[in-house]
Amino acid sequence: QVQLVESGGGLVQAGGLLRLSCAASGRTFRRYAMGWFRQAPGKEREFVAAISWSGGSTFSADSVKGRFTISRDNAKNTVYLQMNSLKPEDTAVYYCAASRVAIATPHVYDYDYWGQGTQVTVSS
């Protein structure tokens with residue numbers, strides 16, 4: 001069992017930046033690939049970025065490439081999402097998730113554990 005707790009969301013102006021953190025419980029964190037997803041009101045949950053168990057491989061959605069960076073610190077059981085050059089369309093609840101599939105996967109169905117989400121609002 002893995003429990004995930006996101007933090008770092010908030011209100012920011014367009015062009016600003018935020019760093020989301022996701023703290024994981026358990027000693028097996030390093031066995032899981034990790035991902036970030038987001039869901040805006042009235043829309044389906046969509047993939048943002050993922051990172052392999054070792055951190056050696058990452059994968060990002062086209063909509064955030066060059067602006068968002070995913071990273072992890074296995075010693076701290078934490079995964080991060082650095083978000084730069086934020087746009088109003090980035091407004092959503094952001095969720096982190098853990099996958100037993102060790103590769104950086106963009107598929108919701110590959111993820112076994114989810115956090116409760118953190119709100120990110122970007123004003124124009």
Side-chain angles (χ1 to χ4, degrees):
Q1 187 79 9
V2 175
Q3 293 185 326
L4 304 171
V5 180
E6 301 97 336
S7 61
L11 173 63
V12 64
Q13 289 188 333
L17 57 87
L18 285 173
R19 188 174 84 153
L20 305 184
S21 299
C22 174
S25 65
R27 293 177 290 178
T28 59
F29 173 75
R30 65 187 64 220
R31 297 181 184 176
Y32 293 86
M34 299 296 296
W36 285 97
F37 292 78
R38 66 187 182 187
Q39 189 166 17
K43 295 188 176 181
E44 292 187 352
R45 191 167 297 190
E46 66 171 355
F47 170 73
V48 176
I51 189 166
S52 62
W53 69 272
S54 67
S57 177
T58 62
F59 182 63
S60 299
D62 288 344
S63 58
V64 306
K65 278 181 181 176
R67 300 189 299 122
F68 292 9
T69 302
I70 188 171
S71 62
R72 67 188 295 162
D73 185 338
N74 285 345
K76 295 182 178 180
N77 280 15
T78 303
V79 63
Y80 305 96
L81 185 68
Q82 179 66 47
M83 305 187 296
N84 299 332
S85 302
L86 282 160
K87 303 175 181 180
E89 51 263 43
D90 294 319
T91 295
V93 177
Y94 283 71
Y95 299 90
C96 74
S99 171
R100 294 192 187 96
V101 176
I103 61 172
T105 172
H107 305 297
V108 170
Y109 54 74
D110 282 331
Y111 288 85
D112 306 286
Y113 303 102
W114 293 82
Q116 83 290 347
T118 185
Q119 177 71 46
V120 171
T121 303
V122 184
S123 63
S124 57

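Just so it is clear, the structure is predicted and the values come from calculations on it, not from any experiment.
- Side-chain atoms of S25 come within 3.5 Å of backbone N or O of Q3 as a donor-acceptor pair.
- Within the model, atoms CZ of R72 and SG of C22 stand 10.0 Å from one another, a figure rounded to the nearest 0.5 Å.
- In this structure, Q119 and T91 have side chains that are in contact, with non-hydrogen atoms separated by less than 4.5 Å.
- In terms of modelled atom types and a separation under 3.5 Å, the side chain of N74 and the main chain of R30 share no donor-acceptor contact.
- Cluster membership check: V12 does not share its hydrophobic cluster with V93, using side-chain heavy-atom separations under 4.5 Å among Ile, Leu, Val, Met, Phe, Trp and Tyr.
- For the pair D62 and K65, the salt-bridge criterion is met [side-chain N within less than 4.0 Å of a carboxylate O].
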Side chain to side chain contact (heavy atoms under 4.5 Å, CB included) assessment of R67 paired with M83: CA-CA 6 Å; R67 300 189 299 122; M83 305 187 296; over 6 Å; no

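- The closest side-chain heavy-atom distance from R38 to S63 is below 4.5 Å.
- Screening residues 59-80 for ring-ring contact (aromatic ring centres under 6.0 Å, His included), with sequence neighbours left out, gives F47-F59.
- Taking each heavy atom of A92 and A40 in turn, the nearest pair found is CB-N, 3.8 Å.
- Put simply, V108 and L4 are part of two different groups of oily side chains (I, L, V, M, F, W, Y) that touch within less than 4.5 Å, one to the next.
- The two residues D110 and S99 have their closest heavy-atom pair at O-OG, 2.7 Å.
- Neither Y95 nor L20 shares a network with the other; the hydrophobic side chains, linked directly or stepwise wherever heavy atoms of I, L, V, M, F, W or Y lie under 4.5 Å apart, form separate groups for each.
- Formation of a donor-acceptor pair under 3.5 Å by the Q116 side chain with backbone atoms of V5 is not found in this model.
- In terms of heavy-atom proximity, F37 sits nearest to P106 at CE2-O, 3.7 Å.
- Between the T118 side chain and the E6 main chain, no donor and acceptor come within less than 3.5 Å of each other.
- Linking Ile, Leu, Val, Met, Phe, Trp and Tyr whenever their side-chain heavy atoms come within less than 4.5 Å leaves V2 and V101 in two separate clusters.
- Nearest heavy atoms, S57 versus A104: O-CB, 3.9 Å.
- Applying the side chain to side chain contact (heavy atoms under 4.5 Å, CB included) test between Q82 and each of L17, I70, L18 identifies L17 as the sole match.
- Residue A23 comes nearest to T78 through the heavy atom pair CA-OG1, 4.2 Å, listed as atom of the first residue, atom of the second, then distance.
- The only member of Y111, W53, F29 that meets side chain to side chain contact (heavy atoms under 4.5 Å, CB included) when paired with M34 is F29.
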